[in-house]
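Would you mind keeping the following structure in view while I ask a few things?
What you see is a predicted model, and the numbers here were worked out from it, not measured in a lab. Heavy-atom basis, side chains included; hydrogens, waters and symmetry copies ignored.
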Amino acid sequence: MLDPQLFRSDLDSVKLQLDRRSYDFDASAYEALESKRKVVQIKTQELQNERNKSSKGIGQAKAKGEDIQPLLDQVQHLGDQLKQAEAELSEIQQQMTALMEAIPNFLDELVPAGKDEEDNVELSRWGEKPVFSFQPKDHVDLGENKGLDFEIAAKIACARFAVLKGPLARLQRAIIQLMLDTHTAEHEYEETYVPFLVNADSLYGTGQLPKFEEDLFKASSNPDLYLIPTAEVPVTNIVRDSIVDAKQMPLKFVCHTPCFRSEAGAYGRDVRGLIRQHQFEKVELVQIVSAADSEKAHEELTQHAENILQKLKLPYRKVLLCAGDTGFSSSKTYDLEVWLPGQDSYREISSCSNFKDFQARRMQARWRNPETGKPELVHTVNGSGLAAGRTLIAVMENYQDEQGRIHIPEALKPYMTGIEIIE
RNA sequence: GGAGAGGUGGCUGAGUGGCCGAAAGCGGCGGUCUUGAAAACCGUUGAGGGUUUAUCCCCUCCCAGGGUUCGAAUCCCUGCUUCUCCGCCA
(Lines give C-alpha, C1' and ligand atoms only; values in the text may rest on other atoms or scores of the structure.)
Protein backbone atom coordinates (compact mmCIF):
# COMPACT_ATOMS: atom_id res chain seq x y z
CA MET A 1 0.00 0.00 0.00
CA LEU A 2 1.25 3.43 -0.93
CA ASP A 3 1.09 6.50 1.28
CA PRO A 4 -2.34 8.13 0.87
CA GLN A 5 -0.87 11.50 1.92
CA LEU A 6 1.24 11.48 -1.21
CA PHE A 7 -1.85 11.04 -3.36
CA ARG A 8 -3.41 14.11 -1.79
CA SER A 9 -0.36 16.34 -1.81
CA ASP A 10 1.32 15.45 -5.10
CA LEU A 11 -0.88 13.52 -7.46
CA ASP A 12 1.26 14.45 -10.46
CA SER A 13 4.34 12.69 -9.17
CA VAL A 14 2.16 9.70 -8.27
CA LYS A 15 1.01 9.54 -11.87
CA LEU A 16 4.59 9.74 -13.12
CA GLN A 17 5.69 6.94 -10.79
CA LEU A 18 2.84 4.66 -11.82
CA ASP A 19 3.53 5.41 -15.48
CA ARG A 20 6.92 3.76 -15.05
CA ARG A 21 5.00 0.63 -14.05
CA SER A 22 2.65 1.03 -17.01
CA TYR A 23 -0.05 1.03 -14.37
CA ASP A 24 -3.22 2.55 -15.72
CA PHE A 25 -4.15 4.87 -12.87
CA ASP A 26 -7.47 6.67 -13.19
CA ALA A 27 -6.54 9.95 -11.55
CA SER A 28 -9.84 11.67 -12.22
CA ALA A 29 -11.79 8.83 -10.61
CA TYR A 30 -9.47 9.08 -7.66
CA GLU A 31 -9.90 12.84 -7.37
CA ALA A 32 -13.68 12.57 -7.54
CA LEU A 33 -13.70 10.01 -4.77
CA GLU A 34 -11.24 11.96 -2.68
CA SER A 35 -13.19 15.22 -2.81
CA LYS A 36 -16.35 13.32 -1.87
CA ARG A 37 -14.48 11.75 1.02
CA LYS A 38 -13.41 15.12 2.33
CA VAL A 39 -16.94 16.52 2.38
CA VAL A 40 -18.53 13.47 3.91
CA GLN A 41 -15.84 12.98 6.50
CA ILE A 42 -16.07 16.56 7.71
CA LYS A 43 -19.84 16.34 7.87
CA THR A 44 -19.71 13.06 9.77
CA GLN A 45 -17.22 14.35 12.28
CA GLU A 46 -19.28 17.49 12.85
CA LEU A 47 -22.33 15.36 13.61
CA GLN A 48 -20.29 13.18 15.95
CA ASN A 49 -19.05 16.26 17.71
CA GLU A 50 -22.61 17.53 18.12
CA ARG A 51 -23.72 14.20 19.56
CA ASN A 52 -20.80 14.09 22.00
CA LYS A 53 -21.48 17.59 23.24
CA SER A 54 -25.19 16.97 23.68
CA SER A 55 -24.65 13.72 25.52
CA LYS A 56 -22.18 15.37 27.83
CA GLY A 57 -24.73 18.11 28.52
CA ILE A 58 -27.40 15.56 29.32
CA GLY A 59 -25.06 13.80 31.72
CA GLN A 60 -24.34 17.02 33.54
CA ALA A 61 -27.98 18.08 33.69
CA LYS A 62 -28.93 14.69 35.08
CA ALA A 63 -26.24 14.91 37.74
CA LYS A 64 -27.72 18.22 38.87
CA GLY A 65 -31.15 16.67 39.01
CA GLU A 66 -32.57 18.82 36.22
CA ASP A 67 -35.28 17.68 33.86
CA ILE A 68 -33.50 16.22 30.83
CA GLN A 69 -36.53 15.54 28.64
CA PRO A 70 -36.21 18.80 26.64
CA LEU A 71 -32.58 17.98 25.93
CA LEU A 72 -33.49 14.47 24.80
CA ASP A 73 -36.06 15.90 22.39
CA GLN A 74 -33.39 18.16 20.94
CA VAL A 75 -31.00 15.35 20.00
CA GLN A 76 -33.65 13.04 18.65
CA HIS A 77 -33.01 14.00 15.05
CA LEU A 78 -29.26 13.46 15.35
CA GLY A 79 -29.24 9.68 15.41
CA ASP A 80 -30.56 9.00 11.93
CA GLN A 81 -28.53 11.76 10.33
CA LEU A 82 -25.37 10.47 11.95
CA LYS A 83 -26.04 6.90 11.02
CA GLN A 84 -26.55 7.86 7.42
CA ALA A 85 -23.39 9.97 7.29
CA GLU A 86 -21.34 7.21 8.89
CA ALA A 87 -22.65 4.66 6.42
CA GLU A 88 -21.85 6.94 3.51
CA LEU A 89 -18.35 7.59 4.81
CA SER A 90 -17.66 3.94 5.36
CA GLU A 91 -18.80 3.17 1.82
CA ILE A 92 -16.44 5.81 0.41
CA GLN A 93 -13.58 4.57 2.54
CA GLN A 94 -14.11 1.03 1.32
CA GLN A 95 -13.99 2.21 -2.27
CA MET A 96 -10.87 4.19 -1.52
CA THR A 97 -9.17 1.19 0.09
CA ALA A 98 -10.13 -1.04 -2.83
CA LEU A 99 -8.57 1.47 -5.19
CA MET A 100 -5.41 1.94 -3.13
CA GLU A 101 -4.71 -1.71 -2.39
CA ALA A 102 -4.72 -2.60 -6.09
CA ILE A 103 -1.93 -0.13 -6.88
CA PRO A 104 1.61 -1.60 -7.09
CA ASN A 105 4.62 -0.22 -5.25
CA PHE A 106 6.66 2.65 -6.66
CA LEU A 107 9.83 1.50 -8.39
CA ASP A 108 13.22 2.48 -7.07
CA GLU A 109 14.81 5.16 -9.24
CA LEU A 110 17.52 2.72 -10.34
CA VAL A 111 15.04 0.23 -11.85
CA PRO A 112 15.46 0.24 -15.65
CA ALA A 113 12.53 0.69 -17.98
CA GLY A 114 11.36 -2.41 -19.78
CA LYS A 115 8.51 -4.73 -20.58
CA ASP A 116 9.54 -8.24 -19.57
CA GLU A 117 12.53 -10.36 -18.65
CA GLU A 118 14.19 -9.57 -22.00
CA ASP A 119 14.80 -6.07 -20.65
CA ASN A 120 16.38 -7.08 -17.35
CA VAL A 121 19.93 -5.84 -16.86
CA GLU A 122 22.74 -8.26 -16.15
CA LEU A 123 24.95 -6.81 -13.41
CA SER A 124 27.58 -9.50 -12.90
CA ARG A 125 28.61 -13.10 -13.52
CA TRP A 126 30.37 -15.46 -11.16
CA GLY A 127 32.06 -18.81 -11.70
CA GLU A 128 33.14 -20.87 -14.66
CA LYS A 129 30.58 -22.79 -16.63
CA PRO A 130 31.62 -26.46 -16.56
CA VAL A 131 33.07 -27.80 -19.81
CA PHE A 132 31.90 -31.27 -20.74
CA SER A 133 33.51 -33.63 -23.25
CA PHE A 134 30.07 -35.16 -23.79
CA GLN A 135 26.51 -33.95 -24.23
CA PRO A 136 25.37 -33.00 -20.69
CA LYS A 137 22.03 -34.41 -19.57
CA ASP A 138 19.31 -32.50 -17.81
CA HIS A 139 18.27 -33.40 -14.27
CA VAL A 140 15.27 -35.43 -15.42
CA ASP A 141 17.46 -37.84 -17.37
CA LEU A 142 20.12 -37.83 -14.67
CA GLY A 143 17.56 -38.59 -11.97
CA GLU A 144 15.74 -41.32 -13.84
CA ASN A 145 17.52 -44.26 -12.20
CA LYS A 146 18.38 -42.42 -8.98
CA GLY A 147 15.03 -42.01 -7.30
CA LEU A 148 13.61 -38.92 -9.01
CA ASP A 149 10.11 -39.92 -10.08
CA PHE A 150 7.33 -37.82 -11.55
CA GLU A 151 4.94 -40.64 -12.49
CA ILE A 152 4.57 -41.90 -8.95
CA ALA A 153 4.02 -38.32 -7.79
CA ALA A 154 1.30 -37.83 -10.42
CA LYS A 155 -0.38 -41.01 -9.17
CA ILE A 156 -0.24 -39.83 -5.57
CA ALA A 157 -1.25 -36.22 -6.31
CA CYS A 158 -1.23 -34.84 -9.86
CA ALA A 159 1.12 -33.32 -12.41
CA ARG A 160 3.76 -30.84 -11.19
CA PHE A 161 4.70 -32.88 -8.16
CA ALA A 162 7.80 -35.03 -7.66
CA VAL A 163 8.96 -37.90 -5.49
CA LEU A 164 12.58 -38.09 -4.39
CA LYS A 165 14.07 -41.27 -2.98
CA GLY A 166 17.40 -42.34 -1.57
CA PRO A 167 20.52 -40.23 -2.07
CA LEU A 168 18.72 -37.52 -4.05
CA ALA A 169 16.28 -36.94 -1.20
CA ARG A 170 19.29 -36.89 1.05
CA LEU A 171 21.05 -34.42 -1.22
CA GLN A 172 18.17 -31.97 -1.08
CA ARG A 173 18.18 -32.17 2.71
CA ALA A 174 21.94 -31.59 2.72
CA ILE A 175 21.47 -28.50 0.57
CA ILE A 176 18.90 -27.12 3.01
CA GLN A 177 21.16 -27.87 5.97
CA LEU A 178 24.10 -26.07 4.37
CA MET A 179 21.96 -23.02 3.74
CA LEU A 180 20.51 -22.87 7.24
CA ASP A 181 23.91 -23.41 8.86
CA THR A 182 25.55 -20.75 6.72
CA HIS A 183 22.89 -18.11 7.28
CA THR A 184 22.68 -18.65 11.02
CA ALA A 185 26.38 -19.09 11.76
CA GLU A 186 27.96 -16.74 9.22
CA HIS A 187 25.27 -14.20 8.38
CA GLU A 188 23.60 -13.90 11.78
CA TYR A 189 20.03 -14.76 10.90
CA GLU A 190 17.70 -16.23 13.50
CA GLU A 191 16.37 -19.64 12.52
CA THR A 192 12.59 -19.65 12.45
CA TYR A 193 9.84 -22.24 12.19
CA VAL A 194 6.40 -21.06 11.11
CA PRO A 195 2.93 -22.26 10.05
CA PHE A 196 2.65 -23.50 6.45
CA LEU A 197 -0.99 -22.45 6.36
CA VAL A 198 -1.80 -18.78 6.82
CA ASN A 199 -4.88 -16.59 7.05
CA ALA A 200 -6.04 -13.94 4.60
CA ASP A 201 -4.79 -11.07 6.76
CA SER A 202 -1.23 -12.33 6.48
CA LEU A 203 -1.47 -12.72 2.71
CA TYR A 204 -2.90 -9.24 2.49
CA GLY A 205 0.00 -7.92 4.54
CA THR A 206 2.67 -9.14 2.15
CA GLY A 207 0.60 -8.28 -0.94
CA GLN A 208 -0.54 -11.66 -2.33
CA LEU A 209 -4.15 -10.80 -1.56
CA PRO A 210 -6.49 -9.53 -2.78
CA LYS A 211 -4.99 -9.40 -6.28
CA PHE A 212 -3.27 -12.75 -6.68
CA GLU A 213 -5.58 -15.26 -5.09
CA GLU A 214 -5.54 -17.51 -8.18
CA ASP A 215 -1.83 -18.22 -7.59
CA LEU A 216 -2.56 -19.74 -4.19
CA PHE A 217 -3.85 -23.06 -2.90
CA LYS A 218 -6.77 -22.51 -0.58
CA ALA A 219 -7.51 -25.07 2.09
CA SER A 220 -11.25 -25.59 1.90
CA SER A 221 -11.98 -25.60 5.59
CA ASN A 222 -13.03 -23.45 8.45
CA PRO A 223 -11.18 -21.22 9.27
CA ASP A 224 -10.15 -20.17 5.77
CA LEU A 225 -6.46 -20.79 5.36
CA TYR A 226 -4.09 -20.82 2.42
CA LEU A 227 -0.96 -22.87 1.80
CA ILE A 228 2.02 -20.54 1.84
CA PRO A 229 3.49 -19.67 -1.57
CA THR A 230 6.71 -18.66 0.21
CA ALA A 231 7.99 -18.39 3.78
CA GLU A 232 8.01 -14.64 3.20
CA VAL A 233 4.33 -14.59 4.15
CA PRO A 234 4.42 -16.11 7.65
CA VAL A 235 7.87 -14.76 8.52
CA THR A 236 7.26 -11.15 7.50
CA ASN A 237 3.91 -11.18 9.28
CA ILE A 238 5.70 -11.87 12.56
CA VAL A 239 5.86 -8.07 12.93
CA ARG A 240 2.35 -7.32 11.69
CA ASP A 241 0.40 -4.96 13.98
CA SER A 242 3.35 -4.37 16.21
CA ILE A 243 5.90 -1.74 17.17
CA VAL A 244 9.38 -3.23 17.21
CA ASP A 245 11.77 -2.05 19.90
CA ALA A 246 14.71 -0.09 18.47
CA LYS A 247 17.14 -2.34 20.34
CA GLN A 248 15.87 -5.37 18.43
CA MET A 249 16.43 -3.83 15.02
CA PRO A 250 17.34 -5.06 12.51
CA LEU A 251 15.42 -8.34 12.69
CA LYS A 252 16.96 -11.06 10.53
CA PHE A 253 15.11 -14.32 10.04
CA VAL A 254 16.01 -17.43 8.06
CA CYS A 255 13.33 -20.01 7.49
CA HIS A 256 13.08 -23.28 5.59
CA THR A 257 9.60 -24.23 4.39
CA PRO A 258 7.90 -25.99 1.56
CA CYS A 259 6.19 -23.58 -0.82
CA PHE A 260 2.92 -24.19 -2.66
CA ARG A 261 1.89 -22.49 -5.87
CA SER A 262 -1.02 -23.20 -8.15
CA GLU A 263 0.90 -22.07 -11.26
CA ALA A 264 -2.48 -21.23 -12.72
CA GLY A 265 -1.02 -19.01 -15.44
CA ALA A 266 1.81 -21.35 -16.38
CA TYR A 267 0.13 -24.01 -18.52
CA GLY A 268 2.68 -25.49 -20.85
CA ARG A 269 5.62 -23.65 -19.28
CA ASP A 270 8.45 -25.70 -17.78
CA VAL A 271 6.31 -28.82 -17.82
CA ARG A 272 9.39 -31.03 -17.76
CA GLY A 273 11.21 -31.74 -14.53
CA LEU A 274 11.56 -30.03 -11.19
CA ILE A 275 11.77 -26.45 -12.40
CA ARG A 276 8.15 -25.45 -11.88
CA GLN A 277 6.33 -27.49 -9.26
CA HIS A 278 3.23 -27.07 -7.14
CA GLN A 279 5.41 -27.85 -4.12
CA PHE A 280 9.07 -27.05 -3.56
CA GLU A 281 11.50 -26.48 -0.70
CA LYS A 282 12.99 -23.07 -0.12
CA VAL A 283 15.17 -21.32 2.44
CA GLU A 284 14.04 -17.74 2.83
CA LEU A 285 15.84 -14.72 4.23
CA VAL A 286 13.79 -11.88 5.72
CA GLN A 287 15.02 -8.63 7.22
CA ILE A 288 12.99 -6.03 9.08
CA VAL A 289 14.96 -2.79 9.04
CA SER A 290 14.61 0.98 9.35
CA ALA A 291 13.98 3.11 6.28
CA ALA A 292 17.54 4.39 6.40
CA ASP A 293 18.99 0.88 6.31
CA SER A 294 16.91 -0.94 3.73
CA GLU A 295 19.08 -0.26 0.70
CA LYS A 296 22.17 -1.58 2.44
CA ALA A 297 20.22 -4.53 3.84
CA HIS A 298 19.00 -5.41 0.35
CA GLU A 299 22.57 -5.48 -1.00
CA GLU A 300 23.78 -7.56 1.95
CA LEU A 301 20.93 -10.03 1.81
CA THR A 302 21.56 -10.57 -1.89
CA GLN A 303 25.23 -11.21 -1.11
CA HIS A 304 24.17 -13.76 1.52
CA ALA A 305 22.25 -15.66 -1.14
CA GLU A 306 25.20 -15.39 -3.52
CA ASN A 307 27.48 -16.86 -0.86
CA ILE A 308 25.55 -20.13 -1.01
CA LEU A 309 26.03 -20.37 -4.77
CA GLN A 310 29.70 -19.61 -4.31
CA LYS A 311 30.10 -22.27 -1.63
CA LEU A 312 28.55 -24.75 -4.01
CA LYS A 313 30.73 -23.41 -6.84
CA LEU A 314 27.70 -23.01 -9.06
CA PRO A 315 28.09 -20.45 -11.87
CA TYR A 316 25.47 -17.73 -11.78
CA ARG A 317 24.66 -14.25 -12.84
CA LYS A 318 23.01 -11.37 -11.03
CA VAL A 319 20.25 -9.50 -12.80
CA LEU A 320 18.41 -6.28 -11.99
CA LEU A 321 14.77 -6.69 -12.92
CA CYS A 322 13.28 -4.10 -15.23
CA ALA A 323 10.06 -2.19 -14.52
CA GLY A 324 7.80 -4.72 -16.19
CA ASP A 325 9.32 -7.75 -14.46
CA THR A 326 9.41 -6.32 -10.93
CA GLY A 327 6.75 -7.79 -8.66
CA PHE A 328 3.67 -5.96 -7.40
CA SER A 329 4.93 -5.25 -3.87
CA SER A 330 8.60 -4.79 -4.70
CA SER A 331 10.42 -1.54 -5.27
CA LYS A 332 13.60 -3.16 -6.56
CA THR A 333 14.48 -6.79 -7.20
CA TYR A 334 17.68 -8.67 -7.98
CA ASP A 335 17.37 -12.14 -9.44
CA LEU A 336 20.18 -14.64 -9.12
CA GLU A 337 20.20 -17.02 -12.07
CA VAL A 338 22.14 -20.27 -11.86
CA TRP A 339 23.71 -21.93 -14.87
CA LEU A 340 21.93 -25.13 -15.88
CA PRO A 341 23.98 -27.14 -18.43
CA GLY A 342 21.01 -29.41 -19.16
CA GLN A 343 18.98 -26.40 -20.31
CA ASP A 344 21.96 -24.49 -21.68
CA SER A 345 20.67 -21.40 -19.92
CA TYR A 346 20.59 -19.38 -16.73
CA ARG A 347 17.50 -19.94 -14.57
CA GLU A 348 16.22 -18.02 -11.56
CA ILE A 349 17.27 -19.57 -8.26
CA SER A 350 16.79 -16.58 -5.98
CA SER A 351 14.83 -13.36 -6.04
CA CYS A 352 15.85 -10.64 -3.57
CA SER A 353 13.55 -7.67 -3.12
CA ASN A 354 13.34 -4.42 -1.23
CA PHE A 355 9.70 -3.63 -0.47
CA LYS A 356 10.49 -0.42 1.39
CA ASP A 357 7.40 0.52 3.44
CA PHE A 358 4.85 -1.01 1.05
CA GLN A 359 4.28 -4.22 3.00
CA ALA A 360 4.80 -2.46 6.33
CA ARG A 361 1.93 -0.07 5.63
CA ARG A 362 -0.36 -2.97 4.79
CA MET A 363 0.77 -4.80 7.93
CA GLN A 364 0.95 -1.77 10.25
CA ALA A 365 4.48 -2.89 11.11
CA ARG A 366 6.45 -0.18 12.81
CA TRP A 367 9.46 0.45 15.00
CA ARG A 368 10.06 3.22 17.48
CA ASN A 369 12.71 5.60 16.23
CA PRO A 370 14.68 6.74 19.30
CA GLU A 371 15.58 10.00 17.55
CA THR A 372 11.95 11.09 17.32
CA GLY A 373 10.39 8.81 19.92
CA LYS A 374 7.67 8.15 17.35
CA PRO A 375 6.65 4.92 15.64
CA GLU A 376 7.74 4.75 12.00
CA LEU A 377 6.97 2.18 9.35
CA VAL A 378 9.68 -0.46 8.98
CA HIS A 379 11.13 -1.48 5.66
CA THR A 380 10.97 -5.15 4.65
CA VAL A 381 13.59 -6.92 2.57
CA ASN A 382 13.61 -10.57 1.58
CA GLY A 383 15.08 -13.09 -0.77
CA SER A 384 15.49 -16.77 -1.40
CA GLY A 385 18.65 -18.12 0.04
CA LEU A 386 18.07 -20.29 -2.03
CA ALA A 387 15.30 -22.24 -3.70
CA ALA A 388 16.35 -25.74 -2.65
CA GLY A 389 14.60 -27.66 -5.42
CA ARG A 390 16.29 -25.62 -8.10
CA THR A 391 19.60 -25.85 -6.24
CA LEU A 392 19.24 -29.62 -6.40
CA ILE A 393 18.77 -29.35 -10.17
CA ALA A 394 21.83 -27.12 -10.46
CA VAL A 395 24.03 -29.48 -8.45
CA MET A 396 22.86 -32.49 -10.48
CA GLU A 397 23.45 -30.86 -13.83
CA ASN A 398 26.70 -29.05 -13.05
CA TYR A 399 28.32 -31.96 -11.20
CA GLN A 400 27.47 -34.78 -13.66
CA ASP A 401 30.02 -36.93 -15.37
CA GLU A 402 30.06 -38.94 -18.58
CA GLN A 403 28.58 -42.00 -16.87
CA GLY A 404 25.64 -39.92 -15.67
CA ARG A 405 26.87 -39.96 -12.10
CA ILE A 406 26.62 -36.96 -9.78
CA HIS A 407 29.63 -35.83 -7.75
CA ILE A 408 28.89 -34.27 -4.39
CA PRO A 409 30.24 -30.69 -4.05
CA GLU A 410 32.84 -30.24 -1.30
CA ALA A 411 30.58 -27.95 0.75
CA LEU A 412 27.89 -30.64 0.95
CA LYS A 413 30.09 -33.60 1.84
CA PRO A 414 29.86 -33.02 5.62
CA TYR A 415 26.10 -33.45 5.28
CA MET A 416 26.16 -36.62 3.14
CA THR A 417 27.60 -39.14 5.63
CA GLY A 418 30.30 -40.36 3.34
CA ILE A 419 28.42 -40.38 0.05
CA GLU A 420 30.69 -38.74 -2.54
CA ILE A 421 29.10 -39.88 -5.76
CA ILE A 422 25.50 -40.68 -6.58
CA GLU A 423 25.28 -43.31 -9.31
C1' G B 1 -14.03 -32.73 22.44
C1' G B 2 -16.11 -31.16 27.78
C1' A B 3 -15.93 -27.39 32.02
C1' G B 4 -14.35 -22.71 33.84
C1' A B 5 -11.70 -17.78 33.86
C1' G B 6 -9.72 -13.85 31.04
C1' G B 7 -8.35 -10.24 26.66
C1' U B 8 -7.48 -2.36 28.92
C1' G B 9 -1.47 2.10 26.77
C1' G B 10 5.83 -0.17 25.75
C1' C B 11 4.82 -3.60 30.35
C1' U B 12 1.96 -4.83 35.12
C1' G B 13 -2.80 -3.52 36.42
C1' A B 14 -7.53 -0.46 38.30
C1' G B 15 -11.93 0.88 36.16
C1' U B 16 -19.55 -2.27 35.70
C1' G B 17 -23.41 3.46 31.89
C1' G B 18 -21.90 10.26 31.72
C1' C B 19 -16.84 13.92 35.67
C1' C B 20 -12.65 8.00 31.41
C1' G B 21 -8.33 8.20 26.22
C1' A B 22 -8.50 5.82 30.81
C1' A B 23 -6.07 5.51 38.20
C1' A B 24 -1.59 3.55 40.16
C1' G B 25 3.09 1.28 39.51
C1' C B 26 7.15 -0.07 36.23
C1' G B 27 9.77 1.43 31.98
C1' G B 28 11.11 5.79 28.66
C1' C B 29 12.30 11.07 28.23
C1' G B 30 13.57 16.01 30.59
C1' G B 31 15.18 18.45 35.06
C1' U B 32 17.05 19.26 40.41
C1' C B 33 21.05 17.34 43.36
C1' U B 34 26.37 15.23 42.24
C1' U B 35 33.29 15.93 40.12
C1' G B 36 30.58 11.86 37.48
C1' A B 37 27.12 7.97 38.28
C1' A B 38 23.49 5.75 41.44
C1' A B 39 19.59 6.88 44.83
C1' A B 40 15.94 10.46 45.97
C1' C B 41 12.71 14.25 44.35
C1' C B 42 9.95 17.23 40.46
C1' G B 43 7.94 17.29 35.63
C1' U B 44 6.64 14.71 31.24
C1' U B 45 5.18 10.35 28.32
C1' G B 46 -0.56 6.03 23.82
C1' A B 47 -1.90 5.35 18.46
C1' G B 48 -4.34 6.73 13.94
C1' G B 49 -7.00 10.45 11.24
C1' G B 50 -9.56 15.29 9.66
C1' U B 51 -9.09 20.65 9.19
C1' U B 52 -5.19 24.32 9.17
C1' U B 53 0.61 28.01 6.65
C1' A B 54 0.86 26.87 11.77
C1' U B 55 -1.16 27.06 16.65
C1' C B 56 -5.93 25.82 18.02
C1' C B 57 -9.91 22.75 17.36
C1' C B 58 -12.33 18.21 16.10
C1' C B 59 -13.04 12.74 15.16
C1' U B 60 -11.84 7.50 15.95
C1' C B 61 -9.52 3.64 18.81
C1' C B 62 -9.88 -0.20 25.78
C1' C B 63 -9.28 -8.12 21.01
C1' A B 64 -12.69 -7.94 16.29
C1' G B 65 -17.64 -7.32 14.21
C1' G B 66 -22.74 -6.30 15.19
C1' G B 67 -26.63 -4.43 18.78
C1' U B 68 -29.10 -1.51 23.05
C1' U B 69 -28.77 3.87 24.63
C1' C B 70 -29.20 10.90 24.18
C1' G B 71 -24.44 8.68 25.86
C1' A B 72 -20.62 2.22 26.05
C1' A B 73 -13.90 0.27 28.14
C1' U B 74 -18.41 -0.74 31.16
C1' C B 75 -24.79 -3.86 29.15
C1' C B 76 -26.38 -7.77 25.09
C1' C B 77 -25.08 -11.09 20.72
C1' U B 78 -21.40 -13.38 17.43
C1' G B 79 -16.43 -14.44 16.27
C1' C B 80 -11.24 -14.72 17.37
C1' U B 81 -7.75 -15.55 21.06
C1' U B 82 -5.07 -16.65 25.91
C1' C B 83 -4.92 -19.37 30.46
C1' U B 84 -6.53 -23.51 34.00
C1' C B 85 -8.71 -28.46 34.68
C1' C B 86 -10.53 -33.14 32.33
C1' G B 87 -10.51 -36.37 27.97
C1' C B 88 -7.97 -37.69 23.41
C1' C B 89 -3.65 -37.50 20.43
C1' A B 90 1.94 -37.17 17.01
*Looking at RNA chain B, which of residues 41-61 of chain A put a heavy atom within less than 4.0 Å of it?*
A:Q41, A:I42, A:Q45, A:Q48, A:N49, A:R51, A:N52, A:S55, A:I58, A:G59
*Scan A:K62 against the nucleic acid and name what it touches under 4.0 Å (heavy atoms): base, sugar-phosphate only, or nothing.*
base
*Taking atom types as modelled, find out whether A:D401 and A:H407 have a side-chain donor-acceptor pair closer than 3.5 angstrom.*
yes
*What integer number of Å spans the C1' atoms of B:G67 and B:G71?*
15 Å
*Which part of the nucleic acid, if any, lies within reach of A:P370 when heavy atoms closer than 4.0 Å are counted: base, sugar-phosphate only, or nothing?*
nothing
_Measuring only the C1' atom in each nucleotide, how far is B:U55 from B:C63? A whole number of Å is fine._
36 Å
_Taking B:G7 as the reference, what is the distance to B:C59 when you measure between their C1' atoms (whole Å, please)?_
26 Å
*asked:* Suppose we define a pair by two distances each less than 3.5 Å, Watson-Crick or G-U wobble; what does B:G4 pair with here?
replied: B:C83
*Between B:G79 and B:A22, how far is it from one P atom to the other, in whole Å?*
33 Å
*asked:* Is it true that A:Q343 and A:E397 share a donor-acceptor pair across their side chains at a distance under 3.5 Å?
replied: no
*Ring centre gap for A:H278 and A:F161 strictly below 6.0 Å*: yes
*Look at A:R20 together with A:D108 and state whether they make a salt bridge at an N to O cut-off of under 4.0 Å.*
no
*Is any side-chain nitrogen or oxygen of A:R366 closer than 4.0 Å to OP1 or OP2 of B:A47?*
no
*Could you measure between the two C1' atoms, the one in B:A73 and the one in B:G9, and give it in whole Å?*
13 Å
*What interatomic distance, in whole Å, is found between C1' of B:A54 and the corresponding atom of B:U44?*
24 Å
_Can you measure A:Q364 atom CD to B:G46 atom P for me and round it to whole angstrom units?_
18 Å
*Please tell me which of A:P375 and A:R37 maps to the more 5' nucleotide of RNA chain B, matching each residue to the nucleotide holding its nearest heavy atom.*
A:P375
_Taking the six-membered ring for Trp, are A:F328 and A:F358 closer than 6.0 Å centroid to centroid?_
yes
*In terms of side-chain heavy atoms, does A:E232 have a donor or acceptor partner in A:Q359 at a distance below 3.5 Å?*
yes
*Find the distance A:L82:CG to B:C70:P and express it as a whole number of Å.*
13 Å
*Got a sec: does the CD of A:E151 have more than 12 other heavy atoms crowding it under 6.0 Å?*
no
*Does a side chain donor of either A:D335 or A:S351 reach within less than 3.5 Å of an acceptor in the other side chain?*
yes
_If you count heavy atoms of other groups shown closer than 6.0 angstrom to CD of A:Q177, is the number above 12?_
yes
*side chain to side chain donor-acceptor pair (under 3.5 Å) partner of A:N120, chosen from A:T326, A:D325, A:T333*: A:D325
*asked:* Using whole Å, what does the distance between atom C1' of nucleotide B:G27 and atom CZ of A:R368 come to?
replied: 12 Å
*Nucleic acid contacts of residues 194-202 of chain A, taken as heavy-atom distances under 4.0 Å to RNA chain B*: none
*In the strands shown, is B:G48 matched to any nucleotide by a Watson-Crick or G-U wobble pair with both distances under 3.5 Å, and which?*
B:C59
*Look through every strand shown and name the nucleotide pairing with B:G71 as Watson-Crick or G-U wobble, where both distances are under 3.5 Å.*
none
*Expressed in angstrom and rounded to an integer, what is the separation of A:L71 atom CG from B:G18 atom C1'?*
13 Å
*Considering only atom P, compute the distance from B:C42 to B:C33 and round it to an integer number of Å.*
16 Å
_C1'-based separation of B:U60 from B:A64 [nearest Å]_ = 15 Å
*Any donor-acceptor N or O pair under 3.5 Å, side chains A:Q303, A:E299*: no
*Pair partner, B:A40 [Watson-Crick or wobble, under 3.5 Å]*: B:U32
*Watson-Crick or G-U wobble partner for B:G17, using a 3.5 Å limit on both distances?*
none
*asked:* Categorize A:Q5 for me: base, sugar-phosphate, or nothing, with a 4.0 angstrom heavy-atom threshold over every strand shown.
replied: sugar-phosphate
*Going by number, which of residues 233-253 of chain A have a non-hydrogen atom under 4.0 Å from RNA chain B?*
none
*Regarding A:Q310 and A:Y316, is there a side-chain donor-to-acceptor distance under 3.5 Å anywhere?*
yes
_Polar contact flag, side-chain donor to acceptor under 3.5 angstrom, A:N52-A:S54_ = no
